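What follows is one structure encoded as structure tokens, with my remarks underneath.
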Amino acid sequence: QLQLVESGGGLVQPGGSLRLSCAASGFTLEPYAIGWFRQAPGKERAGISCISSRGRTTNYADSVKGRFTISRDNAKNTVYLQMSSLKPEDTAVYYCAAGDNYVCSGYVPSGNLDYWGQGTQVTVSS
């Protein structure tokens, strides 16, 4: 069974940093583009970043551009989201996702996603 597992969330002060990881279990991530999404309380889930299968293409939502960096290490079967200059409005549950026909192009698509992790909580508060 294909599984994605996020880790690295936690409580951090405004201005701080966290690195989230998205690891695959039961399959290799290498052929898949990966997206990161987040859902804040009372809000819809939103796409924040994605990366192509080989890492040559990355896209970011305007709300995180310049502060977040997505990367992948296919040898470790893991995708990362480095988050810096965190703000209280970044507080949310963060999810990674993949799909057989998911393509990271132009923006952060939210369609064609077949596999989701369970999410990891990020709380930005003083």
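Just so it is clear, the structure is predicted and the values come from calculations on it, not from any experiment.
- For an aromatic pair to be called close, the ring centres must be under 6.0 Å apart, and Phe37 with Trp116 satisfies this.
- With a 4.5 Å cut-off on side-chain heavy atoms, Trp36 and Cys96 count as touching.
- One distance of note links OG1 of Thr120 with CD of Glu6; it measures 7.0 Å at 0.5 Å rounding.
- Shortest non-hydrogen contact noted between Pro14 and Ser126 is CD-N, 3.7 Å.
- Side-chain contact check for Ser125 versus Pro88: every heavy-atom pair is 4.5 Å or farther apart.
- Cluster membership check: Tyr32 does not share its hydrophobic cluster with Val108, using side-chain heavy-atom separations under 4.5 Å among Ile, Leu, Val, Met, Phe, Trp and Tyr.
- Under the 3.5 Å distance criterion, the side-chain polar atoms of Arg45 are left unmatched by any main-chain donor or acceptor of Gln39.
- A pairwise comparison of heavy atoms in Leu4 and Cys22 identifies CD2-SG, 4.0 Å as the closest pair.
- Under the side chain to side chain contact (heavy atoms under 4.5 Å, CB included) rule, Arg38 has a single partner from Thr91, Val93, Val64, which is Val64.
- For Glu89, the CD atom sits in a packed shell: over 12 heavy atoms of surrounding residues, nucleotides or ligands are nearer than 6.0 Å.
- Closest of all the heavy-atom pairs between Arg54 and Arg72 is C-CD, 4.4 Å.
- In terms of hydrophobic clustering, with Ile, Leu, Val, Met, Phe, Trp and Tyr side chains grouped at heavy-atom distances under 4.5 Å, Tyr95 and Val122 are assigned to different clusters.
- A 4.5 Å side-chain heavy-atom check between Pro31 and Ser53 finds every atom pair outside the cut-off.
- The distance from atom CG of Asn59 to atom CD1 of Ile51, rounded to the nearest 0.5 Å, is 10.0 Å.
- Tyr60 and Leu18 fall within a single hydrophobic cluster, where Ile, Leu, Val, Met, Phe, Trp and Tyr are joined by side-chain heavy atoms under 4.5 Å apart, directly or via other members.
- Contact detail for Ala61 and Gly47: the closest heavy-atom pair is CB-O, 3.5 Å.
- At a threshold of 4.5 Å between side-chain heavy atoms, the hydrophobic network of Ile, Leu, Val, Met, Phe, Trp and Tyr places Ile70 and Leu86 in one connected group.
- A distance of 10.5 Å separates CG of Asp73 from CD of Glu30, quoted to the nearest 0.5 Å.
- Using modelled atom types and a 3.5 Å distance limit, the side chains of Asp100 and Tyr115 yield a donor-acceptor pair.
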Please tabulate, for the side chains in residues 77-84, all donor-acceptor contacts under 3.5 angstrom to protein atoms that are two or more places apart in sequence or on a different chain.
from	atom 1	to	atom 2	distance (Å)
Asn77	OD1	Leu29	N	2.7
Asn77	ND2	Phe27	O	2.9
Thr78	OG1	Lys76	O	2.8

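- Under the 4.5 Å side-chain criterion, counting only non-hydrogen atoms from C-beta, Ser17 is not in contact with Val12.
- From Tyr102, atom OH reaches atom CG of Leu113 across 5.5 Å, with rounding to the nearest 0.5 Å.
- Val103 has its side chain out of reach of Asn112: every pair of non-hydrogen atoms, C-beta onward, lies at least 4.5 Å apart.
- In summary, Lys65 and Asp62 engage in a salt bridge, as defined by a charged side-chain N under 4.0 Å from a carboxylate O.
- Follow the hydrophobic side-chain contacts under 4.5 Å out from Ile34 and you reach Leu2 in the same cluster.
- Between Cys104 and Ser52, the shortest heavy-atom distance links the atoms CB-N, 4.0 Å.
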